[in-house]
Amino acid sequence: MTTHATAADRLLKIDTIYHEPAVAEYARGRAILDRFPEAARVEVASHWNIPDLHRNADLAEEWVRVKRATLVLGVKKGLQIRPNQRSADFIAPSSASGCALACPYCYVGRRKGFANPITAFVNIEAIVAAIGRHAGKQGWKLEPTAADPRLWVYELGTNSDISVDALISDNVRDLVALFRDLPNAKATFATKFVNRAMLDYDPQGKTRLRFSLMPQRISRTLDVRTSPVAARIVAIDDFLRAGYEVNVSIAPVILYDGWLDDYAELFAQLADGIGPAARAQLSAEVIFLTHDAQLHDVNMRWHPQAEELLWRPEWQEEKTAQISGDRVLRYRLRIKQPAVRQLCELLEATVPGCAIRYAF
Ligand code: SF4
């Protein structure tokens, strides 16, 4: 496989691999185990429930160390494909869950207890086959949707950062190759990491990458271990030239004193940082922060500074998340609705022609 050694070395120093017993029966499983020959191997019954990791409260203080040093390998059991109505028409089965980056607002972490390192799934052939069968049954897209006017769009990265997963194995390369060959479908994923090894994946316009952006001033505190925002903007033209469709995800939008001035600066940076070709195909999604009391408690043990930005109970209220069904905190509607409007107006004025796919 091809990897960007520097990026992988910076993010990962794997010393322990928890793995389900069947992992070594899969070529992808063996390839990943071979990549980290020095790592201690711990066999576990289920990738999802590892008491030493997920229920070990002492690990909350070591949140980042665990992400750097631990890898979980498993076999993805459920290969269902769920409908979606926002960034995609469908949500594909995950090829990974968990992440080596450490954004304290990450909703994947909310479900993992006290640790959330990468769990990579080794049965990639079954995942690829399930998506291929599903796309085959859809036929041609006859009516446009918010996700795309012409092609069925499959979201790949709901439980991980796909560009980081690509440091671990060729799972992502295989998925990009699948969509290159599907006549009626394209892939999409949001990312906060610039993995230049993916520039040679040859997606031929059938993978839409969405760089997530927030003002650098708060990104320094909140986007822990990610690529700098400026590097993501610089990469837009490069990934477009490499055959990706490249959009942006303004997410999560955080409210604080002076927030709109910082977003104005971010949008100006975006407008100045991309060429005409990128501008011509650019779309954005705008997603305001949701948070969660349990994750707040975990974050207070390893990154209390982040919670000064994320935890604003006087501005937040409970709601049921549309996709996960979880109870989460969002900004109170009377605060959020005008903020959504202001931000969209600012984006439209600063980056003219950038369609806003949805904002909430
Ligand atoms: S990059 Fe995405 S998946 Fe990774 S920690 Fe951040 S929000 Fe979570």
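Residue numbers count from 1 along this sequence. When a ligand or atom number is given, it counts from 1 through the structure's own listing order.
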- Query: Considering only protein heavy atoms, which is closest to atom 6 (Fe) of ligand 1, and at what distance to one decimal place?
  - Reply: C103 SG, 2.3 Å
- Message: Taking only non-hydrogen atoms of L101, do any sit less than 4.0 angstrom from ligand 1?
- Response: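 The answer is yes, since L101 has a heavy atom less than 4.0 Å from ligand 1.
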- Query: Salt bridge between D223 and R232, side-chain N to carboxylate O under 4.0 Å?
  - Reply: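 Result for this pair is yes, salt bridge flagged.
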- Does the distance from a Lys or Arg side-chain N to an Asp or Glu carboxylate O, for K319 and E317, drop under 4.0 Å? no
Just jot down the ligand 1 atoms closer than 4.0 angstrom to any heavy atom of [X], in number order.
| X | result |
| --- | --- |
| C99 | 1 (S), 3 (S), 4 (Fe), 5 (S) |
| K192 | 2 (Fe), 7 (S) |
| C106 | 3 (S), 5 (S), 7 (S), 8 (Fe) |
| D161 | 1 (S), 3 (S) |

- Task: Using a 4.0 Å heavy-atom threshold (strictly under), name the region of S160 that reaches ligand 1: side chain, backbone, both or neither.
- Result: backbone
- Task: Taking the side chain as every heavy atom from C-beta outward, state whether P215 and Y263 have any atom pair closer than 4.5 Å.
- Result: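 Yes, close enough: below the 4.5 Å cut-off.
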- Message: So R150 and K141, do their side chains get closer than 4.5 Å, heavy atoms only?
- Response: no
- ring pair (Phe, Tyr, Trp, His ring centres under 6.0 Å) partner of F179, chosen from W152, Y244, Y154: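 With F179 as partner, W152, Y244, Y154 yield a single ring pair (Phe, Tyr, Trp, His ring centres under 6.0 Å), made by Y154.
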- Message: Working note: Y105 + H291, criterion ring pair (Phe, Tyr, Trp, His ring centres under 6.0 Å); need CA distance, chi angles, decisive distance, verdict.
- Response: CA-CA 6 Å; Y105 48 76; H291 199 21; 8.8 Å; no
